[in-house]
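Step one of this worksheet: look at the structure below.
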Number of protein chains: 2
Amino acid sequence: MDKIKVLVVDDHPMVLEGMQAMLSQIDFVFIAGLARNAYQAMELIKADMPDILITDISMPEIGGVELAAKLRKEYPVIKIIAMSTFNERSLISQMVQQGASGYLLKSASREQIEEAIITVNGNKLYMSLELELSKKEQDEMGKVPMLTSREKEVLSLIAEGFTNSQIAEKLFVSPYTVDSHRKNLLTKFDVNNTAGLIKLAAKHGLV
Amino acid sequence: MDKIKVLVVDDHPMVLEGMQAMLSQIDFVFIAGLARNAYQAMELIKADMPDILITDISMPEIGGVELAAKLRKEYPVIKIIAMSTFNERSLISQMVQQGASGYLLKSASREQIEEAIITVNGNKLYMSLELELSKKEQDEMGKVPMLTSREKEVLSLIAEGFTNSQIAEKLFVSPYTVDSHRKNLLTKFDVNNTAGLIKLAAKHGLV
DNA sequence: TCATCAATCCCTTTTTCAGGGGATTTTTTC
DNA sequence: GAAAAAATCCCCTGAAAAAGGGATTGATGA
């Protein structure tokens with residue numbers, strides 16, 4: 001078969017170099033280019049359409065999520081593999097929503113990268129093993145209730161250390177209201193104190 | 001002059017490959033070896049003493065801090081450059097205490113790595129530019145009081161969501177004692193509630 | 001040896017939070 | 001247009017945390 005054309009986007013030179021080194025060890029992969037940001041990536045795509053784009057999630061200016069959104073509209077053929085460090089798991093769902101077909105951790109081995117490329121090229125979803133760890137975690141992900149927009153606001157203010165009445169002032173509502181939101185969060189997510197709420201905020205990328 | 005012998009330790013293959021690629025572009029550097037963990041590193045050091053060791057801070061089993069401590073005792077001649085991602089800044093002081101002469105971010109460019117090696121080889125301290133950002137931050141770092149070992153224990157338990165009396169049980173002390181530690185933390189670090197304490201715990205890598 | 005500091009323990013008052021119960025009004029959604 | 005969901009507001013109780021005070025022991029170090 002033809003070689004699979006892969007484009008890599010990451011703002012860290014070390015990751016870019018590492019990716020290049022590892023991809024060049026895979027014989028069915030052709031490195032279509034290396035980009036340090038979304039703009040460069042768009043140019044390279046225009047010049048030479050890749051089959052797969054491997055992109056970091058968090059980059060300055062235009063992040064991976066935005067880039068994926070753009071590509072889905074303009075070049076829906078390109079498959080996207082998102083890359084992130086361990087501590088950015090909360091962004092997975094966002095990325096998948098934006099049409100990413102794969103998810104790699106930056107701690108991935110050459111074998112995992114290879115597997116991801118093959119899987120995604122075969123129009124299947126690839127999830128890094130470390131990501132789909134325990135069934136428990138998956139279940140938890142599945143049953144995580146949605147945060148309403150107001151709850152997000154309140155939760156992030158709680159995480160910043162404001163008291164109910166301070167939050168009430170900021171949002172121009174009664175302290176009772178804020179307390180209601182707080183209590184809803186406690187019951188909805190089955191935690192029982194502020195510490196739990198802050199963990200929650202972290203999980204949802206509100207800190 | 002002779003080439004500088006550099007050994008790299010990191011558990012992420014991608015970083016290792018990236019480092020190798022970038023270091024091989026520096027003509028005065030000889031790559032003494034690449035290790036995926038502290039054990040491998042110790043073996044490679046025994047076989048062929050490097051001038052400089054570049055090590056990740058957070059690795060499974062034996063972390064960079066422990067490795068640095070070991071090397072300082074057994075091979076005090078080896079200079080150490082610590083490497084970390086952005087979000088592990090709190091560990092800098094620990095690393096420097098353990099004798100690290102340099103600090104690099106994983107987002108470093110080839111030029112920065114080169115500079116770090118030259119600086120450290122000349123027996124000077126190298127700090128990544130991004131790390132010495134604002135004076136404000138540095139000042140804050142400077143005036144951050146130390147955590148005693150007991151305070152660390154208490155703080156991490158607070159961050160896990162335990163109440164004072166639960167913590168008291170775990171540590172076999174009176175709830176009053178736990179409360180004292182809590183109050184000391186609040187005043188020492190100038191925060192005023194649990195949310196602030198948890199941020200603190202995060203800053204110190206206790207979560 | 002004296003001072004300092006970590007770690008321990010005790011008490012009180014005020015504020016905030018957790019958990020329980022409701023109710024009303026918008027805003028979505030079917 | 002009716003039903004469901006989100007956002008708002010209110011009250012009460014008991015538990016926990018915040019903020020203030022102080023005291024004792026033991027180790028460390030100047």
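First the proteins, then the strands, lettered A, B, ... as listed; each starts at 1. Hydrogens, waters and symmetry mates are skipped; everything else that's a heavy atom, side chains included, is used. Being a predicted model, the structure only gives us computed values, none of them experimental.
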Nearest whole Å is fine: how far is C:dA6 C1' from B:E153 CD?
13 Å

Atom-to-atom span, NZ of A:K152 to P of D:dA7 - whole angstrom:
11 Å

Is there side-chain contact between B:D48 and B:K5, with heavy atoms separated by less than 4.5 Å?
yes

Please give, in whole Å, the distance from C:dC17 C1' to B:N192 CG?
15 Å

A:S180 side-chain N/O to C:dA23 phosphate OP1/OP2 under 4.0 Å:
no

Classify B:S165 by what it touches in the nucleic acid, base, sugar-phosphate, or nothing, heavy-atom distance under 4.0 Å.
nothing

Tested for side chain to side chain contact (heavy atoms under 4.5 Å, CB included) against B:M14, the lone hit among A:M83, A:H12, A:M14 is A:M83

What integer distance in Å separates B:D179:CG from C:dT15:C1'?
14 Å

Would you classify B:T177 as touching base, sugar-phosphate or nothing, given that sugar-phosphate means primed atoms plus P, OP1 and OP2, and contacts are heavy atoms under 4.0 Å?
base

Among C:dT8, C:dG20, D:dA18, the one nearest any side-chain atom of B:L186 is D:dA18

Report the nucleotide, chosen from D:dA7, D:dG20, C:dC9, that has the shortest atom-to-atom distance to any side-chain atom of B:Y176.
C:dC9

A:L185 CG to C:dA18 P, in whole Å, measures 11 Å

Touch check for B:T194, heavy atoms < 4.0 angstrom, all strands: base, sugar-phosphate only, or nothing?
sugar-phosphate

Phosphate-side-chain proximity, A:T148 and D:dA7, N/O vs OP1/OP2 below 4.0 Å
yes

Would you call A:K46 and A:E43 a salt bridge, taking side-chain N to carboxylate O under 4.0 Å as the test?
no

When you check the phosphate oxygens OP1 and OP2 of C:dT16, does a side-chain N or O of B:N193 lie under 4.0 Å from one of them?
no

Between B:N164 and D:dA16, does any side-chain N or O lie under 4.0 Å from OP1 or OP2?
no

Look at the side-chain N and O atoms of B:S149 and state whether any lies under 4.0 Å from the OP1 or OP2 oxygen of C:dA7.
yes

Looking at B:K3 and B:D51, is there a salt bridge between them, counting it only when a charged N and a carboxylate O are closer than 4.0 Å?
no

Rounded to whole angstrom units, what separation is found between the NE2 atom of B:H181 and the C1' atom of D:dA19?
18 Å

Distance in angstrom units between A:L197 CG and C:dG19 C1', rounded
13 Å

D:dA17, C:dA18, C:dC9: which one has an atom nearest the side-chain heavy atoms of B:R182?
D:dA17

OP1 or OP2 of D:dA19 versus the side-chain N and O atoms of B:T187: is any pair under 4.0 Å?
no

Within this structure, what is the CG-to-P distance between A:L171 and D:dA7, rounded to whole angstrom?
11 Å

One thing to verify: whether A:E151 and A:K188 come together as a salt bridge, which I'm taking to mean a side-chain N less than 4.0 angstrom from a carboxylate O.
yes

